[in-house]
Amino acid sequence: MDDLFAQGPGNDDDGDSGAPVAAGTGAGGSAQPRSPLAVRMRPRTLDDVVGQQHLLGQGSPLRQLAAGADAGGPAGPASVILWGPPGTGKTTLAHVIAKGRGRKFVELSAITAGVRDVRRVMDEALTARDLYKTTTVLFLDEIHRFNKAQQDALLPGVENRWVVLVAATTENPSFSVVSPLLSRSLLLTLKPLTDDDIEGLVQRAVTDVRGLNGKVELSTEALAHLVRLSGGDARRALTALEAAAGVAFGDADDTGEGPVTVELKHTERALDVAAVRYDRAGDQHYDVASAFIKSVRGSDVDAALHYLARMLEAGEDPRFVARRIVISAAEDVGMADPTALQTAVAAAQAVQLIGMPEGRIVLAEAVVHLATAPKSNAAYMGLNKAVADVRAGLGNGIPAHLRDAHYPGSKQLGHGLGYKYAHDAPHSVATQQYPPDDLVGRDYYIPTANGAERDIAVRLERLRKIIRGG
């Protein structure tokens, strides 16, 4: 569940009193805390939230919804739909909203709940409102998995405000949520946490009384490793921190004096993942990305997968990788396999929808497609030659028969006169001049003999002969 993305004190009902660390030991062999670090650090108010600041300004709908009618202002929207990748805090926001006075929290999963469950919650919410003046906050995870009938069952409760619905989805609600429910809801888009957000959260967890309470300190390398491997997911970062702290306490002398330092080796052992030497702002970023694209271009699928893994394991933004794959599909594969671009664009969209770590599977499929596809840069080179001619001042004017002839007076100027409608010609190809006079006969696109371009080359030769009257 992606229900933690913020820093702050733990829940009132966590049962913790600031117990120090994780994984079984404290500075003097203290007992295990009763809740995981990620749970203890869950925020209680919107002010505790890290990230999503574009949704949390003063007077924003989320703040109105969290304050409710008790604050003397509007109660906010009847329902909200939170759209974002996993790990961005959709469940956390629902918990915060539910903490207001006179509210209770109910959670359903679209994977297991049915229409009967929804109706039961609605009936109980109506009873709670009328008899006990209690507002039910219904958190519905993965609403995109609900079919139309299940989503329709939510409408009476949402429209009559029997419940405050907070629905979460990783898929575009415009396609996965029925229109009546979408029109009655406020759609909020959550963004992945930044490295600075994760770093601040981890450092806060180290010092906070509900976290590790200053019993450990992090080396610079260990902190960077935790941030890289979190993938923008705060729960993953805090779980990794807790595990690394446990390893560090296991290695430390049991003296109980001073904080224990968590080193890079502790995070590596805890996570069973070696730190990758990779500076996303330095030479390694560009060198690995360059080696990745050149391996795809060179049809070395194994090397391409290695560099893909190297970037992802180092915490590279998967959207950056996806963009490079899309560019490579057009530049290096081109018309030798036109489906490569379709695969690349689909992969980029899928990564946006599902996030990491599952997004790596999609990226791998796209990389394998591109690396093993026939290659052609003919379209790219053709554009470069056309751009060079334009910059050289070639291509003067536009033939009169191709000019716009729809406005009054255009006929008197000769616009459109003599134009041949291609669909009236045999095979929908007419003999006619299309380029400016000084570029007649200029060939920009020269297809290769690779892949699908073999057939394109034959067809193109016939097309040019007909069009140019050869």
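Quick caveat, the model's predicted, so the values are computed rather than measured.
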Close side-chain approach of [X] to [Y], heavy-atom, < 4.5 Å:
{"X": "L308", "Y": "L305", "result": "yes"}
{"X": "V351", "Y": "V321", "result": "no"}
{"X": "D437", "Y": "N396", "result": "no"}
{"X": "I446", "Y": "M381", "result": "no"}
{"X": "R129", "Y": "T136", "result": "no"}
{"X": "V118", "Y": "Q150", "result": "no"}
{"X": "V345", "Y": "Q349", "result": "yes"}
{"X": "D337", "Y": "H369", "result": "yes"}

- Query: Do T194 and D196 have side-chain atoms, one donor and one acceptor, less than 3.5 Å apart?
  - Reply: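 Side chains of T194 and D196: no pair found under 3.5 Å.
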- Any luck finding a side-chain donor-acceptor pair between S376 and E453 under 3.5 Å?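 S376 vs E453: donor-acceptor pair found between side chains.
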- With sequence neighbours excluded, tell me which residues meet side chain to side chain donor-acceptor pair (under 3.5 Å) with R120.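 R120 satisfies side chain to side chain donor-acceptor pair (under 3.5 Å) with no residue once adjacent residues are dropped.
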- Under the side chain to side chain donor-acceptor pair (under 3.5 Å) test, residues paired with R468 that sit two or more places apart: D443
Atom [atom1] of [X] and atom [atom2] of [Y]: how far apart are they, to the nearest 0.5 Å?
{"X": "E331", "Y": "R324", "atom1": "CD", "atom2": "CZ", "result": "7.5 Å"}
{"X": "T267", "Y": "L218", "atom1": "OG1", "atom2": "CG", "result": "9.0 Å"}
{"X": "L165", "Y": "L181", "atom1": "CG", "atom2": "CG", "result": "6.0 Å"}

- Query: Any ion pair linking R63 and D47 (charged N to carboxylate O, less than 4.0 Å)?
  - Reply: yes
- Item | Greater than 12 external heavy atoms within 6.0 Å of L383's CG |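 Buried by this count: over 12 neighbours within 6.0 Å.
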- Query: Which residue pairs satisfy the side chain to side chain donor-acceptor pair (under 3.5 Å) criterion with at least one member in residues 110-119, sequence neighbours excluded?
  - Reply: none
- Task: Output yes when a side-chain donor or acceptor of K420 lies under 3.5 Å from a complementary backbone atom of T431, and no otherwise.
- Result: yes
